[in-house]
Amino acid sequence: MAIPYPTTDDRDRRALRALSRGARGGVLTLSRAASALGTTSRATSGVLSGLTRRGWLKRLRRGLYLVLPLEAEARTSGVVEDPWLLANELLSPCYIAGWTAAEHWGLTEQIFRSTFVATAARVRRSKLNIAGAEFHLAQVPRRQVEGVGTTWRGSERVPLSGPERTIADALVDPAWLGGVRHLADILQAHREHKSWRPEKLVAELDAIGTGAAFKRLGFLVEALALDAPAITSAAATRKTTGIVKLDPAIRSRGRLLKRWGLWVNASVG
């Protein structure tokens, strides 16, 4: 008895099962697809193009695809399973940072729609919407991405700033946490947590910060009465000359605080 030649749908389904196994959170690169299918890059490109035309894959950009579910109802959404995994594939070298990291570490109850990503890749704009995921991007030097910790997302590791690094980033630019008022709330929440490590916060700020960031830190520790003399002392020795705004995003200068060389243009605490 002759064995019937498999239909296009049969071949598609077998290829999709292999590609799904090779994908990370539904996201698939060309090299990973070639490994999953056991074919050359050129042959794999042809397979991926065909599956995209027939609605089994969604092309996110050149060489990057979203594997859509086999179920027709779910396939119509074309939404990525995990924005963190997509960010790691799309914007590497990068790390999850800012308000998204603060949410992850339980430092805030405020909900943000977009995923904050610090990336050393070249980006043309600060906002990106792709595959149903919304990203807020901040471009940073490659050295700032190196040494950042990771966390598990399913079976994959994704770079993520720790609590101290998250706060240090925002001391450099408070907009990473939505402004200095939110930064103050998060710094206070971290101080009250059992994982509070002031020396770690100073070390993280030493690695990426400026004198202006230490001015903000010293002021906030005093204004919030956080009882952290080691931080106040470290900030005082590392502050630079000149005067900066407490929150650069606020246009008004506010009052001058000579002790920290700050225009205090926002209320905290």
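These values consider heavy atoms only, across backbone and side chains, with no hydrogens, waters or symmetry-generated copies.
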request  = For the residue pair V148 and L160, establish whether any side-chain heavy-atom pair is separated by less than 4.5 Å.
outcome  = no

remark   = Residues pairing under salt bridge (Lys or Arg N to Asp or Glu O under 4.0 Å) where one sits in residues 243-259, two or more places apart or in two chains, turn out to be E222-R259

ask   = Should K127 and L137 be marked as a side-chain contact (heavy atoms from CB on, under 4.5 Å) after you check the CA-CA gap, both sets of side-chain angles, and the distance that decides it?
value = CA-CA 6 Å; K127 297 185 185 301; L137 311 179; over 6 Å; no

query = How about L28 and L66: do any of their side-chain heavy atoms sit closer than 4.5 Å?
reply = no

remark   = Those residues at least two apart in sequence (or on a different chain) that pass salt bridge (Lys or Arg N to Asp or Glu O under 4.0 Å) with E156 are R24

query = If you measure from CG on L48 to CZ on R53, what distance do you get to the nearest 0.5 Å?
reply = 11.0 Å

Sequence-distant partners of H104, ring-ring contact (aromatic ring centres under 6.0 Å, His included), two or more places apart = W84

Closest non-hydrogen atom pair between S161 and W105, with its separation = O-NE1, 2.7 Å

inquiry  = So F219 and V264, do their side chains get closer than 4.5 Å, heavy atoms only?
reply    = yes

query = Would you say F135 and N129 make side-chain contact, with heavy atoms under 4.5 Å?
reply = no

inquiry  = Is the shortest side-chain heavy-atom distance between P229 and D227 below 4.5 Å?
reply    = yes

message = For T115 and T100, which I'm curious about, is there any donor-acceptor pair between the side chains at under 3.5 Å?
response = no

task = Taking all heavy atoms of I96 and all of A87, pick out the closest pair and write down the distance.
result = CD1-CB, 4.3 Å

key: K200/E204 salt bridge by N-O under 4.0 Å criterion   = yes

query = Are the side chains of V140 and I208 in touch, meaning some heavy atoms are under 4.5 Å apart?
reply = no

Pairwise side-chain contact, I231 with L226, heavy-atom cut-off 4.5 Å (strictly under) = no

With E103 via salt bridge (Lys or Arg N to Asp or Glu O under 4.0 Å) - residues at least two apart = none

remark   = Separation between OG1 (T240) and CD1 (I243), nearest 0.5 Å, reads 11.0 Å

Value rounded to 0.5 Å, distance of CG in L187 from CG in L171 = 7.0 Å

Residues L128, V117; criterion side-chain contact (heavy atoms from CB on, under 4.5 Å); working and verdict = CA-CA 10 Å; L128 176 65; V117 183; over 6 Å; no

inquiry  = My understanding is that only residues two or more places apart in sequence, or in another chain, count here; which of them pass side-chain contact (heavy atoms from CB on, under 4.5 Å) with S195?
reply    = H190, H193

note = Hits for salt bridge (Lys or Arg N to Asp or Glu O under 4.0 Å) against R238, two or more places apart or cross-chain, chain-then-number order -> D206

E81 and L85: CA distance, side-chain angles, deciding distance, side-chain contact (heavy atoms from CB on, under 4.5 Å) verdict = CA-CA 8 Å; E81 294 177 20; L85 294 174; over 6 Å; no

inquiry  = Contact between P159 and N88 at the side-chain level, heavy atoms closer than 4.5 Å - yes or no?
reply    = yes

key: Qualifying residues under salt bridge (Lys or Arg N to Asp or Glu O under 4.0 Å), relative to R113, sequence neighbours excluded   = E134

key: L183 and V180: CA distance, side-chain angles, deciding distance, side-chain contact (heavy atoms from CB on, under 4.5 Å) verdict   = CA-CA 5 Å; L183 164 60; V180 75; 4.2 Å; yes

query = Any idea which heavy atoms bring A18 and L37 closest together, and the distance?
reply = CB-CD2, 4.1 Å

message = I'd like to check the side chain to side chain donor-acceptor pair (under 3.5 Å) partners of S126; sequence neighbours left out, ordered by chain and number.
response = none

ask   = Do I250 and L177 belong to the same hydrophobic cluster, where Ile, Leu, Val, Met, Phe, Trp and Tyr are linked whenever their side-chain heavy atoms lie under 4.5 Å apart, directly or via other members?
value = no

ask   = In chain order, what residues pass the side chain to side chain donor-acceptor pair (under 3.5 Å) check against T150, with sequence neighbours excluded?
value = R157

query = For residues 169-195, which residue pairs qualify under salt bridge (Lys or Arg N to Asp or Glu O under 4.0 Å), counting only residues two or more places apart or in two chains?
reply = R165-D169

query = Minimum heavy-atom separation for S92 to A121, with atom names?
reply = O-CB, 4.0 Å

request  = Kindly write out the residues that satisfy ring-ring contact (aromatic ring centres under 6.0 Å, His included) with W176, not counting sequence neighbours, or none if the list is empty.
outcome  = F116

message = If I compare all heavy atoms of I130 with all of L60, which pair ends up nearest, and what's the gap?
response = CD1-O, 3.5 Å

key: P248 to R216 - nearest heavy-atom pair and separation   = CG-NH2, 3.3 Å

message = Can you confirm if the aromatic rings of F112 and W99 lie within a centre distance of less than 6.0 Å?
response = yes

ask   = Under 3.5 Å, side chain of S35 to main-chain N/O of S31, donor-acceptor pair present?
value = no

message = Filter on salt bridge (Lys or Arg N to Asp or Glu O under 4.0 Å), then keep only pairs touching residues 25-37, sequence neighbours left out; what's left?
response = R32-E89

